[in-house]
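These notes concern the structure reproduced below.
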Amino acid sequence: MTRQTILLQRRQLLLAGSAFAAGCFAPAAFAQAYPKAPVKFIVPFAPGGPTDTVGRLITQKLQEIWGQPVIMDYKPGAGTAIGADFIAKAPPDGLTIGMVNSSLAVNPSLRKSLPYDTVKDLAGVTQIANLQLAIVARPDAPFNTVPELIAYAKKNPGKLTYGTPGAGSTTHLGAELLKREAGFDMLHAPFKGSAPAHTELMGGRIDLVVDPLLSVLPYVKAGRMKMIATLGPKRVKGFDFPTVAETLPGFNVNALLGFVAPRATPKEILAKIQSDTEKVLRDPEMQKRVEEQGMEVVTSRPEQFDAFIQAEMKRWKTVIAEANIQAE
């Protein structure tokens, strides 16, 4: 073998080794460089309200970390299915991220057909918060606590009427879960938004409303509504309101808020987005501002959020089927 041949073989081995190393470290390097262009957040619900406020707070901070413009693109409609479909069909390059709420887990059972597959087409990035929910009554209601509400409902089957911002909403499903687990019945009155439900309750035409805590809190403080309980697993920080779980152990209904991306998005990019989002949410000032919107900060890794979404899909499928809930 000639010296020239030996040198050529050594050069080929070095090139092969370099290529192998580049292949091994390319995903990590790609993630470190992310993002190299503006990032679009698809929001599948209308602007305004606490979820939009929290989303804007977080994306403003991500823009500072990434050094790239972060754009909020609103695509409401069909109970968030229009926006979710847009996210599912976007290029999987990490430059299109979706903000989602509990409708993502509810829609597969609530709607007869969806233009995307929630599990196959969407990847969890991270949960960011839980929206606290509450059940309130008209001030003159003949019950003040969850045990009294259950006892009254059982003695007066079908007499109570409760309002929510709409059929198939998390508030509606939460009330149906309460009915199922406590073994009583009451009539659902769906409204187009919270305001008309509040008006009917304060006018004495319905008995209860299930709604986000922040939405009913001013009326509770003014004595125009009576707090019965919150629906989460523990008492809301800063308040001494009882929970349903104190009467029905294990009861837990919160409206989730989180980020998803197209399923084929590289895992390294999902991890980068999750890590930077968690960094934002760890800031005490950010946590305070999220809590001011009636939410609790909750973070999770991509695989954890995937598992949580699928568990929620399974749970609400049972409730929707048993209560025969139909999309409006």
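For the pair L201/V136, a side-chain contact is recorded, criterion being any heavy-atom separation below 4.5 Å from C-beta on. Side-chain contact between T80 and N107 is present, with heavy atoms from C-beta onward closer than 4.5 Å. Annotation: side chain of F41 is not in contact with side chain of D73 (no heavy-atom distance under 4.5 Å). Residues R138 and K226 fail the side-chain proximity criterion, which asks for heavy atoms closer than 4.5 Å. Between I58 and M99, the closest side-chain pair of non-hydrogen atoms is not below 4.5 Å. Proximity of T265 to D93: side-chain heavy atoms (C-beta onward) are nowhere separated by under 4.5 Å. V290 places none of its side-chain heavy atoms less than 4.5 Å from the side chain of I128. In this structure the side chain of V146 reaches within 4.5 angstrom of the side chain of I228, judged on heavy atoms.
No single ILVMFWY cluster, assembled from side-chain heavy atoms under 4.5 Å apart, contains both I97 and I42.
At least one donor-acceptor pair closer than 3.5 Å links the side chain of T164 to the backbone N or O of G166. At least one donor-acceptor pair closer than 3.5 Å links the side chain of T199 to the backbone N or O of A195.
The aromatic rings of Y34 and W66 sit perpendicular, their planes meeting at an angle over 60°, well past the 30° parallel limit.
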Problem set entry | Derivation and outcome, salt bridge (charged side-chain N to carboxylate O under 4.0 Å, His left out), residues E312 and R315 | CA-CA 5 Å; E312 287 290 277; R315 174 164 75 143; 3.2 Å; yes
For this session: Evaluate ring-ring contact (aromatic ring centres under 6.0 Å, His included) for F259 paired with F305, printing each intermediate quantity in order.
Result: CA-CA 9 Å; F259 293 156; F305 194 35; 8.9 Å; no
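Side-chain contact of Q326 with N324: a donor-acceptor pair under 3.5 Å is present, judged by distance alone. Counted by atom type alone, E176 and Y162 present one or more donor-acceptor pairs between their side chains at under 3.5 Å. Of the N and O atoms on the side chains of E64 and Q60, not one donor lies less than 3.5 Å from an acceptor on the other residue. Under 3.5 Å, the side chains of S215 and D211 contain a donor-acceptor pair of N or O atoms.
Relative to the ring axis of F184, K179 does not place its NZ or CZ within 45° and under 6.0 Å from the centre.
Separation of atoms CG (L95) and CD1 (I71) is listed at 10.0 Å; rounding is to 0.5 Å. Distance CD1/I309 to CG/L104: 5.0 Å, rounded to 0.5 Å. Of the inter-residue distances, the one linking M225 atom CE with M227 atom CE reads 9.5 Å to the nearest 0.5 angstrom.
The heavy-atom pair separating A129 from M295 by the smallest distance is CB-SD, 3.9 Å.
Under the rule for a salt bridge (charged side-chain N to carboxylate O under 4.0 Å, His left out), the partners of R180 that lie at least two apart in sequence or sit in another chain are E322.
Applying the side chain to side chain donor-acceptor pair (under 3.5 Å) definition to pairs two or more places apart or across chains, those involving residues 43-55 are D52-Y74.
For K159, the NZ atom sits in a loose shell: 12 or fewer heavy atoms of surrounding residues, nucleotides or ligands are nearer than 6.0 Å.
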